[in-house]
Amino acid sequence: MTVLDDIPPVVAGPSHARGRVAELQAIRARVLAGPCEKATKAQHAKGKLTARERIELLLDAGSFQEVEQLRRHRATGFGLEAKRPHTDGVITGWGTVEGRTVFVYAHDFRIFGGALGEAHATKIHKIMDMAIAAGAPLVSLNDGAGARIQEGVSALAGYGGIFQRNTKASGVIPQISVMLGPCAGGAAYSPALTDFVFMVRETSQMFITGPDVVKAVTGEEITQNGLGGADVHAEASGVCHFAYDDEETCLAEVRYLLSLLPQNNREFPPRTPCTDPPARRSEVLLDLVPADGNRPYDMARVIEEIVDDGEVLEVHERWARNIICAFGRLDGQVVGIVANQPQTLAGVLDIEASQKAARFVQLCDAFSIPLITLLDVPGFLPGVDQEHGGIIRHGAKLLYAYCNATVPRISLILRKAYGGAYIVMDSQSIGADLTYAWPTNEIAVMGAEGAANVIFRRQIAAADDPETMRARMVKEYRSELMHPYYAAERGLVDDVIDPAATREVLIRSLAMLRTKHADLPSRKHGNPPQ
């Protein structure tokens, strides 16, 4: 007989450990099952997944560790004391994406419509604080009906705490908002403070005031999707960076984006093995970009030719299409690419393009992502609307972002680079580390035609054949001040390169700049143009 034989058998009752564990498991099973089957079916009937199904798609299988699963609200009045479900309508915790830690919170629309109350907000505050402390990305899966009206100002204060933490985390850890349902009123400001916003067509909407309020105040009739749907925000407002047809595709793309981003601002983006030869020549570039500066082409195809395996993730693809902002890899290293798009508005810079590029440059700089800028820009878009809309102020945002960036910066001039737009698009004079140009480049204050009309106005007017004289003066101006080597001769371009060798040149340059270190003046923060 051993000592263990003297121990009486355990009775599985609530006063014993095994009984308590069984009780815990029963509670946990009820929590994982959700409020009721009817609520789950209603969620699926709308074409939406449940909060836990979304988390399973986002994170690596079996990696999710939930926090405060058993949390319940303590509010009373308006019947709340009789309804105190576990989780309080939000699931919080952490897991991994491709083996790297990611924090997540997901509104559970089946409980209080995902509305935010005091306990609900406190859970979100806690997971946000954990993400900041751990230095890992935060993903919010949004599907909520706004503040819980029954809890009054306590719910509103909860939003304030979220906004404050969004701001604290800005530029410290990547923040991604995934809109998978309604998001109205003040709740919409949290996604607006994060780095990226994903939306799903038909099922997600964002607006400050809903269609009913709009109709009451202005008399305009509009649907929820027409007011704040995914396509509206992806094309018109620029609030949404990525829009997809279904949740599965959306969450898969969130995973892909996370694979391109560092864990925090103290780390570099993950580098992957590259099978695409660094010295691969792209002869197709010689034919893809016409030498005639007036002929359009697709800059996206140029980018695909240069990056590893042609893989590019374009940000804000459908908003401000005259400029491209995208992530790609060069020899396995993540880079941010800013490029004019000659297919749209000839690639000019306007208000929206300046805003789009400025924020992308700031994001890349915050998270140590090198910047590649591809120029083919005829200038800023002229017009009364642009001037009255503040093109000076908005264009200055892009200028400020580049001047303030300390990451490796390489610019490449493909064709046109005219006027102030040339300077703003990361020219050597505002701090680009290296500036290259193709033999087709034209760098000048303005196009040859416009310059000749100004400089030789009197000669042209006095000539017997003004058109012949104008053509001769244009040719003379171009040969004197706009030939491909003019800027290189003056040290404003580091080298004129063979377009087919672009990939190799960029990769070699990035390798040299990998250890770049640059300090900004000591200050609390700058005062960028708004």
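Everything quoted here is computed from the prediction, not taken from an experiment.
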Quiz item: Between Ser177 and Thr194, is any side-chain donor less than 3.5 angstrom from a side-chain acceptor?
Solution: yes
Quiz item: When you measure from the side chain of Lys123 to the backbone N and O of Glu68, does any donor-acceptor pair fall under 3.5 Å?
Solution: yes
Practice problem: Apply the test side-chain contact (heavy atoms from CB on, under 4.5 Å) to residues Asp331 and Leu510: give CA-CA distance (whole Å), side-chain angles for both, the deciding distance (0.1 Å), then the verdict. | Solution: CA-CA 10 Å; Asp331 196 27; Leu510 285 171; over 6 Å; no
Quiz item: More than 12 non-hydrogen atoms from neighbouring residues, nucleotides or ligands closer than 6.0 Å to CZ on Phe163, yes or no?
Solution: yes
Quiz prompt | Asp426 and Ser411: side chain donor to acceptor below 3.5 Å | solution = no
Self-check item: Between Asp88 and His86, a side-chain donor and acceptor under 3.5 Å
Solution: no
Self-check item: More than 12 heavy atoms from other groups under 6.0 Å of NZ on Lys168
Solution: no
Quiz item: If you measure only the distance, is there a donor-acceptor pair under 3.5 Å linking the side chains of Lys41 and His44?
Solution: no
Exercise. Using side-chain hydrogen bond (donor to acceptor under 3.5 Å, both in side chains) as the criterion, list what pairs up with Asn225, not counting sequence neighbours.
Key: Glu202, Gln205
Exercise. Show your working on ring pair (Phe, Tyr, Trp, His ring centres under 6.0 Å) between Phe360 and Phe327 and close with a plain yes or no.
Key: CA-CA 10 Å; Phe360 184 76; Phe327 292 113; 5.1 Å; yes
Quiz item: Under the side-chain contact (heavy atoms from CB on, under 4.5 Å) test, which residues partner Met130, sequence neighbours left out?
Solution: Val67, Trp94, Phe103, Lys126, Ile127
Practice problem: Go through the side-chain N and O atoms of Arg280 and Ser282 and say whether any donor and acceptor fall under 3.5 Å apart. | Solution: yes
Self-check item: Salt-bridge criterion met for Glu23 and Arg18 (N-O under 4.0 Å)
Solution: no
Quiz item: Can Asp308 and Gln333 be said to form a side-chain hydrogen bond (donor to acceptor under 3.5 Å, both in side chains), step by step?
Solution: CA-CA 9 Å; Asp308 295 351; Gln333 179 180 355; over 6 Å; no
Quiz item: Just by distance, with hydrogens left out, do Thr50 and Glu53 show a side-chain donor and acceptor under 3.5 Å apart?
Solution: yes
Self-check item: Distance-only donor-acceptor check, side chains Gln362 and Asn404, under 3.5 Å
Solution: no
Validation: residues 28-37 side-chain donor-acceptor distances under 3.5 Å, sequence neighbours left out:
{"residue": "Arg28", "atom": "NH1", "partner": "Gln69", "partner atom": "OE1", "Å": "2.6"}

Self-check item: Option from Lys48, Arg110, His107, Lys46 for which side-chain hydrogen bond (donor to acceptor under 3.5 Å, both in side chains) with Asp143 holds
Solution: Lys48
Practice problem: Without swapping roles, check the side chain of Arg329 against the backbone of Arg271 for a donor-acceptor pair under 3.5 Å. | Solution: no
Quiz item: If only atom types and distance count, is the side chain of Asp60 paired as donor or acceptor with the main-chain N or O of Ser63 below 3.5 Å?
Solution: no
Quiz item: Is any side-chain N of the basic residue among Glu504 and Arg508 closer than 4.0 Å to the acidic one's carboxylate O?
Solution: yes
Exercise. Check whether any side-chain N or O of His316 sits under 3.5 Å from a backbone N or O of Ala234 as a donor-acceptor pair, and report yes or no.
Key: no
Quiz prompt | Heavy-atom side-chain contact between Leu49 and Leu57 under 4.5 Å | solution = yes
Quiz item: Can you say whether the rings of Phe196 and Phe242 are parallel (under 30°), tilted (30 to 60°) or perpendicular (over 60°)?
Solution: tilted
